[in-house]
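Because the structure is a prediction, the values reported are computed rather than measured.
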Amino acid sequence: MSFRSDVKAVKLRRDRVVVVLATKVYVYRFSDLKLLDQINTQPNPRGLVALCPHPSNNVLACPGVNRGHVRVELYDVRKSTIITAHESDLARLQLNGDGSLVATASDKGTLLRVFDTHTGAQLRELRRGVDRAAVYCLAFAPDSNFLACSSDKGPVHIFSLGGDGHRVLSQ
């Protein structure tokens with residue numbers, strides 16, 4: 001495979017290969033590398049993309065064409081959803097294990113948001129802090145009851161998605 005611009009990220013799964021360029025996401029079938037989809041995005045220098053690992057759920061999330069928007073592709077039901085996640089650029093996005101939730105962080109790094117991938121509805125808004133931060137990673141627990149966030153500020157924040165709990169772990 002060759003591309004006319006730099007590859008920013010690659011995600012693999014048993015049946016899919018996802019290649020992220022600066023303003024485009026390509027989705028290929030793994031077995032024969034047949035192009036299945038190509039998605040235009042906002043400039044994406046971080047190579048943001050999330051691919052659901054669950055073998056029976058074909059869900060992909062990537063930046064939309066507008067600043068702070070997330071595009072969610074539900075390939076099994078042939079549905080595309082655009083989520084207005086943040087006013088500023090996206091810093092991170094992450095799908096949970098079954099692809100039913102997507103978590104986002106903006107460049108500001110103060111707020112994390114969790115959305116339903118089927119409806120686009122915002123389910124939670126979580127405050128990481130009040131100072132600007134570079135969010136490095138978002139990760140769901142296997143049961144999707146917790147969301148972890150690490151940033152350049154040091155502590156790892158763990159948010160309970162089932163209640164109002166929030167823990168901060170120091171490095």
T41 to C62 - nearest heavy-atom pair and separation: CG2-SG, 4.1 Å
E87 atom CD, neighbour heavy-atom count above 12 within 6.0 Å: no
Derivation and outcome, side chain to side chain contact (heavy atoms under 4.5 Å, CB included), residues I83 and V102: CA-CA 10 Å; I83 298 169; V102 62; 4.0 Å; yes
Minimum-distance pair of heavy atoms, taken over all atoms of A61 and V70: CB-CG1, 4.2 Å
ILVMFWY cluster, V135 and L147 together (side-chain gap under 4.5 Å): yes
Distance-only donor-acceptor check, side chains D37 and Y28, under 3.5 Å: no
Donor-acceptor pair, side chain of D32 and main chain of K34, under 3.5 angstrom: yes
Derivation and outcome, salt bridge (Lys or Arg N to Asp or Glu O under 4.0 Å), residues D15 and R13: CA-CA 5 Å; D15 60 343; R13 181 176 122 146; 2.7 Å; yes
Joint cluster assignment, F30 & V10, ILVMFWY side-chain distance < 4.5 Å: yes
Donor on one side chain, acceptor on other, S56 and H54, under 3.5 Å: yes
Note, M1 side chain near L33 side chain (heavy atom, < 4.5 Å): yes
Contact summary for Q94 and A139, nearest pair of heavy atoms: CG-CA, 4.5 Å
Same cluster (ILVMFWY, side-chain, under 4.5 Å), L48 and V27: no
Closest contact, heavy atoms only, G99 versus C52: N-SG, 3.5 Å
Min side-chain heavy-atom separation T104-L111 under 4.5 Å: no
Donor-acceptor contact below 3.5 Å, side chain R92 vs main chain Y136: yes
Contact check, side chains of H69 and P63, non-hydrogen atoms, under 4.5 Å: no
Side chain proximity check, V19 to V25, heavy atoms < 4.5 angstrom: no
Sidechain N-carboxylate O distance under 4.0 Å for D89, R46: no
Within one Ile-Leu-Val-Met-Phe-Trp-Tyr cluster: L161 and L123, side-chain cutoff 4.5 Å: yes
Heavy atoms from other residues, nucleotides or ligands near NZ of K8 exceed 12 (cutoff 6.0 Å): yes
Polar side-chain atom of T117 near backbone of S100 as donor-acceptor pair, under 3.5 Å: yes
Exam field: side chain K79 to backbone H118, donor-acceptor pair closer than 3.5 Å: yes
Evaluation steps, side chain to side chain contact (heavy atoms under 4.5 Å, CB included), between I39 and E73: CA-CA 10 Å; I39 302 166; E73 292 293 333; 3.9 Å; yes
Sub-4.5 Å side-chain heavy-atom contact between L138 and L93: no
Path from V49 to L12 over hydrophobic side-chain contacts below 4.5 Å: no
Rounded distance (nearest 0.5 Å) linking atom OG1 of T84 with atom CZ of F115: 8.0 Å
Residue pair K24 / Q38, side-chain heavy-atom distance below 4.5 Å: yes
Check against side chain to side chain contact (heavy atoms under 4.5 Å, CB included), V114 and L126: CA-CA 8 Å; V114 179; L126 309 162; 4.3 Å; yes
Over all atoms of both residues, closest heavy-atom pair of L90 and G68: CD2-O, 4.0 Å
Distance-minimising heavy-atom pair for R124 and S160: NH1-O, 3.4 Å
Check: S31 main-chain N/O paired with R29 side-chain donor or acceptor under 3.5 Å: no
From CA spacing to verdict: side chain to side chain contact (heavy atoms under 4.5 Å, CB included), S80, V72: CA-CA 6 Å; S80 181; V72 177; over 6 Å; no
Any donor-acceptor N/O pair, N44 side chain to A22 backbone, under 3.5 Å: no
4.5 Å side-chain heavy-atom contact, N58 and R16: yes
Student check: side-chain heavy atoms of K153 and R128 closer than 4.5 Å: yes
